[in-house]
Protein chains: 2
Amino acid sequence: MRDVAVIGIGCTTFGEKWGTSFRELFLEAGALALEDASLSGEKIDALYVGNMSAGRFVEQEHIGALIADYSGMASRHIPSTRVESACCSGSLAFRQAMIAVASGLEDVVVAAGVEKMTDVETSTSVDALAAAADREWEGFVGATFPGLYAMIATDYMNRYPLTREQLAQVAVKNHYNGARNPIAQFQKEITVETVLRSALVADPLRLFDCSPITDGAAAVILAPLERAREFTDAPIRILATSQASDTIALHDRRDISTMDATVAAGRRAFEMARLTPSQIDLVEVHDCFTIAEICAIEDLGFCQKGEAGRLTEEGETALNGRIPVNTSGGLKACGHPVGATGIKQVCEVVQQLRGDAGRRQIDGAEIGMTQNVGGTGASVAVHILGRA
Amino acid sequence: MRDVAVIGIGCTTFGEKWGTSFRELFLEAGALALEDASLSGEKIDALYVGNMSAGRFVEQEHIGALIADYSGMASRHIPSTRVESACCSGSLAFRQAMIAVASGLEDVVVAAGVEKMTDVETSTSVDALAAAADREWEGFVGATFPGLYAMIATDYMNRYPLTREQLAQVAVKNHYNGARNPIAQFQKEITVETVLRSALVADPLRLFDCSPITDGAAAVILAPLERAREFTDAPIRILATSQASDTIALHDRRDISTMDATVAAGRRAFEMARLTPSQIDLVEVHDCFTIAEICAIEDLGFCQKGEAGRLTEEGETALNGRIPVNTSGGLKACGHPVGATGIKQVCEVVQQLRGDAGRRQIDGAEIGMTQNVGGTGASVAVHILGRA
């Protein structure tokens with residue numbers, strides 16, 4: 001396999017984008033990525049797009065073709081492929097794009113993610129998102145994601161030392177970081193009280209424990225590492241890609257407070273990159289709910305099981321901490337346009353490794369990681385990137 | 001890139017399968033493919049699944065995880081990825097699986113396709129399928145696929161010599177072949193009169209010009225060619241994979257009677273395999289409507305533009321003809337569970353190349369081709385396979 005590098009990144013602002021359609025969101029992110037790589041669209045050999053549920057959000061499937069068409073690339077008849085794995089769709093598009101370049105089949109490839117979630121009523125969104133769980137055994141009996149993650153939080157808090165305040169501190173940290181990220185949906189700092197006084201959604205999770213419903217798109221451009229300097233002075237090398245599955249229904253898991261797919265994907269990624277957690281300078285994890293960040297930090301091996309609450313409270317996951325987590329603001333503050341999230345995570349890591357992250361920059365960051373989750377952990381993708 | 005071979009195939013019967021759920025359909029096809037390759041599931045390194053619209057047909061997304069779980073592979077946390085490209089989804093899952101093996105990242109990989117279409121009312125199915133067209137510019141104004149392909153047929157018949165009877169002969173031939181295929185939804189022979197007397201759906205297309213709504217699944221197992229004989233005495237080598245895009249809306253095409261994406265994908269595949277059309281022993285094409293087969297034969301280069309009607313009438317595309325087309329019965333007689341169709345095409349070619357096609361066997365077939373279309377031609381994938 002050839003080494004592969006990221007040579008360009010682009011991300012729309014995330015939020016309630018009433019004036020921008022599904023296809024326009026992709027175009028905006030793609031154009032930013034091309035500009036970032038100083039490339040014209042004619043140089044693109046293939047497209048991969050992560051999207052969870054345009055079929056239900058905007059009644060449109062065939063997303064690969066749509067995107068190729070509206071970006072003007074259909075005239076060259078380039079291959080364009082949609083990949084879906086619920087909230088992990090973006091990372092899997094990135095992974096497939098990387099494999100296509102690594103194989104030698106393609107050279108310059110766009111990996112993008114897009115979701116337009118606000119064109120339907122909230123109840124429709126919630127039901128569309130519930131299709132990431134097991135429809136027959138979870139959705140059918142009324143389980144939606146806040147409830148499922150609340151069960152994880154309840155189980156976790158019964159077995160490990162995690163206080164309600166420590167859980168709130170995940171949100172406080174991510175809002176602090178988001179307030180320093182121009183693309184974030186929420187750019188306001190909050191306090192522990194903001195979280196604790198917010199409406200109860202599914203006990204123990206409150207409104208400020210939950211990531212919002214969001215429109216947005218992100219795109220990155222990949223090329224063989226050996227060609228990367230044709231396009232950029234600061235190529236970022238993909239050191240590892242990994243992906244793991246688990247039972248789709250939460251009740252079938254060995255242990256609902258540990259995401260075995262995160263453990264498996266993390267181990268495989270560290271092995272592929274020949275690195276250990278202590279060598280990672282920052283990590284973007286999938287904090288769809290605050291409890292998910294707690295589990296992710298532990299399941300990736302950044303601390304022992306049961307320690308992530310204390311780690312968060314002591315500021316070790318903050319911008320100036322031992323292992324900064326979700327420097328972008330995470331899903332919590334950036335928002336979570338599900339198909340786009342995995343690609344946005346890569347964009348953040350690339351910005352950090354380039355030293356372009358402005359007020360949220362981690363000094364001297366050389367190696368970064370992303371962890372992107374589908375559902376309650378039925379699919380997880382992990383990527384490690386490093387300065388080339 | 002490593003050479004890749006098909007080492008196992010499996011296909012459910014196609015039809016209205018009221019007693020079989022979406023997930024059970026996949027399991028049935030997967031189990032048949034494992035049995036065919038004399039493999040246990042423990043040997044599988046990764047899964048790729050083609051599916052167009054489970055979100056709208058059965059309210060389930062996150063198909064990769066679902067499939068990994070219900071096939072018992074989630075316990076090993078193997079990667080499982082859903083690929084979507086409307087009716088071309090199956091072929092793109094096959095292509096991604098092939099690239100994963102060719103890259104060296106994976107060894108033994110399942111590529112499957114599945115669609116469960118009959119659990120909703122017909123009007124819902126038709127609307128779900130319309131999401132393969134441009135929702136904003138086609139679906140929104142009421143265009144559905146019979147109407148779009150009727151426009152292609154009308155344009156074609158105005159410009160090229162194709163009689164209504166010749167068009168009907170496509171259906172007659174495919175029903176003849178389907179009557180010899182145990183998995184086909186329709187196993188009855190028909191006559192030109194059957195077609196001409198059937199209900200008008202969208203002028204000039206009648207009921208028997210249209211492929212039906214179908215449940216079904218198909219799976220194939222891929223491995224590096226160098227390891228293929230560990231699993232089978234008759235490995236089938238993948239000689240070429242190609243994929244092309246075009247505008248999603250029909251009205252934006254250069255010429256609606258020629259599928260430029262088929263032309264592009266066909267050329268690329270012949271180039272990759274270093275073959276010409278005259279060296280192909282049989283071809284499975286995407287006859288979602290009879291006119292689509294006429295265009296496909298020409299656009300792949302098996303005859304000049306305007307000749308496919310005469311070719312069909314003269315029997316040159318029949319089982320004993322110069323270039324047998326849709327020996328399986330095609331989408332017309334087998335049925336068209338959209339995500340499964342591309343994989344079923346590969347299963348048919350593999351059966352023919354192995355000499356296992358029974359009453360529809362093409363004597364001495366050594367090289368076969370598949371052409372799978374998304375929408376009205378906005379995505380097309382072509383594969384060429386040969387005896388190893």
Side-chain angles (χ1 to χ4, degrees), chain A residues 1 21 23 46-47 52-53 55-56 58-66 68-70 73-75 77-86 92 95-96 99-100 102-105 127-128 131-136 139 241-249 252 260-261 264-265 374-375 378-379, chain B residues 1 21 23 47 52-56 58-66 68-70 73-75 77-86 92 95-96 99-100 102-105 127-128 131-136 139 241-249 252 260-261 264-265 374-375 378-379:
Chain A
M1 285 175 42
S21 71
R23 55 191 78 182
L47 295 173
M52 175 181 166
S53 200
R56 302 187 80 199
V58 295
E59 300 186 346
Q60 178 74 65
E61 312 278 4
H62 214 179
I63 305 304
L66 180 85
D69 183 6
Y70 279 80
M73 297 191 191
S75 57
H77 308 299
I78 70 166
S80 185
T81 304
R82 173 202 181 185
V83 177
E84 184 268 327
S85 191
L92 293 199
R95 180 174 156 90
Q96 293 308 314
I99 296 171
S103 75
L105 192 72
D127 192 52
D134 189 319
R135 173 62 63 176
E136 293 185 19
T241 176
S242 73
Q243 176 189 354
S245 58
D246 205 340
T247 66
I248 189 162
D252 282 333
D260 282 347
S379 61
Chain B
M1 285 175 42
S21 71
R23 55 191 78 182
L47 296 172
M52 173 180 167
S53 200
R56 301 187 80 199
V58 295
E59 299 186 345
Q60 178 74 63
E61 310 279 4
H62 213 178
I63 306 305
L66 181 84
D69 183 7
Y70 278 80
M73 295 189 193
S75 57
H77 308 297
I78 70 166
S80 184
T81 304
R82 174 203 179 181
V83 177
E84 184 269 327
S85 192
L92 293 200
R95 179 173 157 89
Q96 293 307 315
I99 296 171
S103 75
L105 192 71
D127 192 53
D134 190 319
R135 174 60 62 175
E136 293 185 18
T241 176
S242 73
Q243 175 189 355
S245 58
D246 205 339
T247 67
I248 188 162
D252 283 332
D260 282 347
S379 60

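Proteins get letters first, then strands, A, B, ... in listed order; numbering begins at 1 in each.
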Colleague: Tell me which of these, B/Ser21, B/Gly374, B/Ala102, B/Ala261, has more heavy-atom pairs under 4.5 Å with chain A than the rest.
Modeller: B/Gly374
Colleague: Could you check which of B/Glu84, B/Gln243, B/Arg135 has the highest count of heavy-atom pairs closer than 4.5 Å to chain A?
Modeller: B/Glu84
Colleague: Would you please name every residue forming a salt bridge (Lys or Arg N to Asp or Glu O under 4.0 Å) with A/Asp69, sequence neighbours left out?
Modeller: none
Colleague: Name the region of A/Ala265, side chain, backbone, both or neither, that has any atom closer than 4.5 Å to a heavy atom of chain B.
Modeller: neither
Colleague: Look up atom CG in B/Asp134 and atom OG1 in B/Thr247, then write down how far apart they are to the nearest 0.5 Å.
Modeller: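 Here the rounded value is 9.0 Å.
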Colleague: Heavy-atom distances under 4.5 Å only: say whether A/Ala46 touches chain B with side chain, backbone, both or neither.
Modeller: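 Interface part for A/Ala46: neither.
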Colleague: Is chain B contacted by the side chain of A/Ser75, its backbone, both, or neither, given a heavy-atom distance below 4.5 Å?
Modeller: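 For A/Ser75, there is no contact with chain B at all, as no heavy atom is under 4.5 Å.
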Colleague: Of the listed residues (B/Arg23, B/Met73, B/Arg95), which shares the most heavy-atom pairs with chain A below a 4.5 Å separation?
Modeller: B/Arg23
Colleague: Do the side-chain N and O atoms of A/Thr81 and A/Gln96 include a donor-acceptor pair separated by under 3.5 angstrom?
Modeller: no
Colleague: Under a 3.5 Å cutoff, is there a donor and acceptor pairing between the side chains of A/Ser80 and B/Ser245?
Modeller: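 No, no side-chain donor-acceptor pair sits under 3.5 Å.
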Colleague: Count the heavy-atom pairs under 4.5 Å between each of B/Ala100, B/Ala54, B/Ala131, B/Ser242 and chain A, then report the option with the highest count.
Modeller: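 Going by pairs under 4.5 Å, I would pick B/Ala131.
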Colleague: Can you name the nearest heavy-atom pair linking A/His77 to B/Ala264, along with the distance?
Modeller: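 The answer is CB-CB, 3.9 Å.
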Colleague: Do you know which of A/Leu47, A/Thr241, A/Leu66 has the most heavy-atom pairs under 4.5 Å to chain B?
Modeller: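 Greatest number of close heavy-atom pairs with chain B: A/Leu66.
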Colleague: Does the distance from a Lys or Arg side-chain N to an Asp or Glu carboxylate O, for B/Arg56 and A/Glu61, drop under 4.0 Å?
Modeller: no
Colleague: Answer yes or no: is there a side-chain heavy-atom contact under 4.5 Å between B/His62 and A/Met52?
Modeller: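 Not touching, per the 4.5 Å side-chain cut-off.
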Colleague: Just verifying a value: how many Å separate A/Leu105 CG and A/Ile99 CD1, rounded to the nearest 0.5 Å?
Modeller: 12.0 Å
Colleague: Could you tell me which of B/Ala132, B/Gly104, B/Gly64 has the largest number of non-hydrogen atom pairs under 4.5 Å with chain A?
Modeller: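 Max contact count across the listed options: B/Ala132.
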Colleague: Given a strict heavy-atom distance threshold of 4.5 Å, which part of A/Ala68 is in contact with chain B: side chain, backbone, both, or neither?
Modeller: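 When you check distances to chain B, only side chain atoms of A/Ala68 fall under 4.5 Å.
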Colleague: Can you tell which part of A/Leu92 gets under 4.5 Å to a heavy atom of chain B, answering side chain, backbone, both or neither?
Modeller: side chain
